[in-house]
Amino acid sequence: MEKYSNRIIITHWLTLALLVAAWFLGDSLDDARHEGGATITGYMVHSLVGGAVLLLTLTRIAFRRTDGAPPPMGDTLLDKVAKGVHHLLYVLLIVLPLSGIMQVLTSKVGKALMAGDASLLPKKFEGVAAHDVHEILVNVLIAVAVVHVLGALKHQFVTKDNIMARMSLRNKK
Ligand code: HEM
Ligand code: HEM
């Protein structure tokens, strides 16, 4: 079976790990702010992990252009939907971190980070559109990723075409 290149496979699974971490850190940050305990370190770590998702995605797209990808599993409507879902995931993996960066730049978070002073951190994000956009995009990404995972599970366990081998480093045929 034709597979993705090793470096594309590694970046696919590393992105998943970073996304889970960024999601957890972002949610903890939101909770900490509501409890009055948000820290500069908390915002820095979330921003760095989220920023790493953006850099990794741009790197992965460059890898894909050089290495190519295996041909689609088939030519049905569902195969075309799967391709659309992949494209949408790439767009979200870029736009979501960008909305996070915009949120920092257009709120008091940016000034607080520059000054290294947690007392300048905002209590609320009133009027900061990027904050609402970021939250909405997180939920859209989760929903689209769930559809993607369900598709992979359907291939693996219902169609039984061993799709996971295409995204696995193991050399099993
Ligand atoms: C793919 C990457 C990212 C994911 C999955 C992610 C996820 C999240 C989540 C789940 C929240 C909490 C939303 C809420 O409940 O209100 C959040 C908040 C936030 N994120 Fe991100 N984020 C990402 C990237 C970034 C980046 C790159 C930055 C900035 C450079 C950033 C800055 C923020 C800020 C400032 C908040 C507000 C925290 C608060 O409520 O006080 N995020 N993010
Ligand atoms: C447990 C979770 C996941 C599983 C089991 C999984 C599985 C797979 C598999 C088997 C493929 C290859 C599809 C094919 O050859 O047609 C694939 C591709 C892909 N996955 Fe995932 N995935 C998971 C999570 C994610 C997440 C969280 C994202 C991004 C948010 C993601 C983004 C992508 C993208 C963009 C492709 C297309 C690769 C390309 O053609 O460039 N995956 N995934």
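Note that ligands are numbered from 1 as they come in the structure, with each ligand's atoms numbered from 1 the same way. Side chains included, hydrogens not; waters and symmetry mates left out as well; all remaining heavy atoms used.
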Practice item. Using a 4.0 Å heavy-atom cut-off, say whether L19 meets ligand 2 through its side chain, its backbone, both or neither. Key: side chain
Revision key, fill the gap. The protein heavy atom nearest to atom 39 (C) of ligand 1 is R33 NE, 3.2 Å
Review point. Is there a nitrogen or oxygen of H46 sitting under 3.5 Å from a nitrogen or oxygen of ligand 1?
Key: yes
Review point. Heavy-atom contacts under 4.0 Å between V53 and ligand 1: side chain, backbone, both, or neither?
Key: side chain
Review point. So with a 6.0 Å cut-off around NZ of K83, is the heavy-atom count from everything else above 12?
Key: no
Practice item. Give the ring-plane orientation class for H46 versus H134, where under 30° counts as parallel, over 60° as perpendicular and anything between as tilted. Key: perpendicular
Point to revise | Closest protein heavy atom to atom 12 (C) of ligand 2, given as residue, atom name and distance to 0.1 Å | key: Y4 CE1, 3.7 Å
Review point. Of all the non-hydrogen atoms in the protein, which one sits nearest to atom 24 (C) of ligand 2, and at what distance?
Key: H148 CD2, 3.8 Å
Review point. Given that the side chain starts at C-beta and the backbone is N, CA, C, O, which of these parts of V104 lies under 4.0 Å from ligand 1, counting heavy atoms, or is it both or neither?
Key: side chain
Point to revise | Exceeds 12 heavy-atom contacts within 6.0 angstrom, atom CZ of F24 | key: no
Review point. Counting from 1, what ligand 1 atoms have a heavy atom of A22 closer than 4.0 Å?
Key: 3 (C), 4 (C), 5 (C), 7 (C)
Review point. Under 3.5 Å between some N or O of ligand 1 and some N or O of Y43?
Key: yes
Point to revise | Per-atom contacts of ligand 2 with V149, taking only distances under 4.0 Å to non-hydrogen atoms | key: 2 (C), 3 (C)
Practice item. Could you tell me the separation between the OG1 atom of T66 and the CD1 atom of I61, rounded to the nearest 0.5 Å? Key: 12.0 Å
**Study point:** Nearest-neighbour protein heavy atom for atom 10 (C) of ligand 1, which is reported as residue plus atom name and distance
**Key:** W23 CD1, 3.4 Å
Review point. Between D31 and S28, do the side chains contain an N or O donor and an N or O acceptor separated by less than 3.5 Å?
Key: no
Check your understanding: Would you say W13 contacts ligand 2, with heavy atoms under 4.0 Å as the rule?
Key -> yes
Review point. Just how far is it from atom CG of L89 to atom OG1 of T57, taken to the nearest 0.5 Å?
Key: 10.0 Å
Review point. For atom 2 (C) of ligand 1, what's the nearest protein heavy atom and its distance?
Key: G50 CA, 3.7 Å
Revision key, fill the gap. One finds that the ligand 1 atoms under 4.0 Å from a non-hydrogen atom of H131 are 40 (O)
Revision key, fill the gap. In ligand 2, the atoms that come under 4.0 Å of a heavy atom of R60 are 20 (N), 32 (C), 33 (C), 34 (C), 35 (C), 36 (C)
Study note, to complete from the structure: shortest atom 13 (C) of ligand 1-to-protein heavy-atom contact is with E135 CG, 4.1 Å
Review point. Does ligand 1 have an atom that lies less than 4.0 angstrom from a heavy atom of F24?
Key: no
Check your understanding: If you round to the nearest 0.5 Å, how far is CG of N162 from NE2 of H155?
Key -> 12.0 Å
**Study point:** Proximal ligand 1 atoms for G26, defined as those under 4.0 Å from one of its heavy atoms
**Key:** 8 (C), 9 (C), 11 (C), 12 (C), 17 (C), 43 (N)
Study note, to complete from the structure: Closest heavy-atom approach to atom 29 (C) of ligand 1 among G100, A21, G51, A130 is made by G100
**Study point:** Protein heavy atom at shortest distance from atom 11 (C) of ligand 2
**Key:** M167 CG, 3.7 Å
Review point. Strictly under 2.8 Å, is any N, O or S atom of H86 next to atom 21 (Fe) of ligand 2?
Key: no
Study note, to complete from the structure: for atom 15 (O) of ligand 2, nearest protein heavy atom and its distance come out as R166 NE, 2.5 Å
Practice item. Report the distance from atom CG of L92 to atom CG of L141, rounding to the nearest 0.5 Å. Key: 5.5 Å
Exercise for review: State the atoms of ligand 1, each with its element, that fall below the 4.0 Å cut-off from a heavy-atom position in L29.
Suggested key: 38 (C)
Exercise for review: Tell me, please: is L16 in heavy-atom contact with ligand 2, that is, under 4.0 Å?
Suggested key: yes
Practice item. Give the residue, atom name and distance (to 0.1 Å) of the protein heavy atom nearest atom 19 (C) of ligand 1. Key: H134 CD2, 3.5 Å
Study note, to complete from the structure: the protein heavy atom lying closest to atom 34 (C) of ligand 1 turns out to be Q103 NE2, 3.3 Å
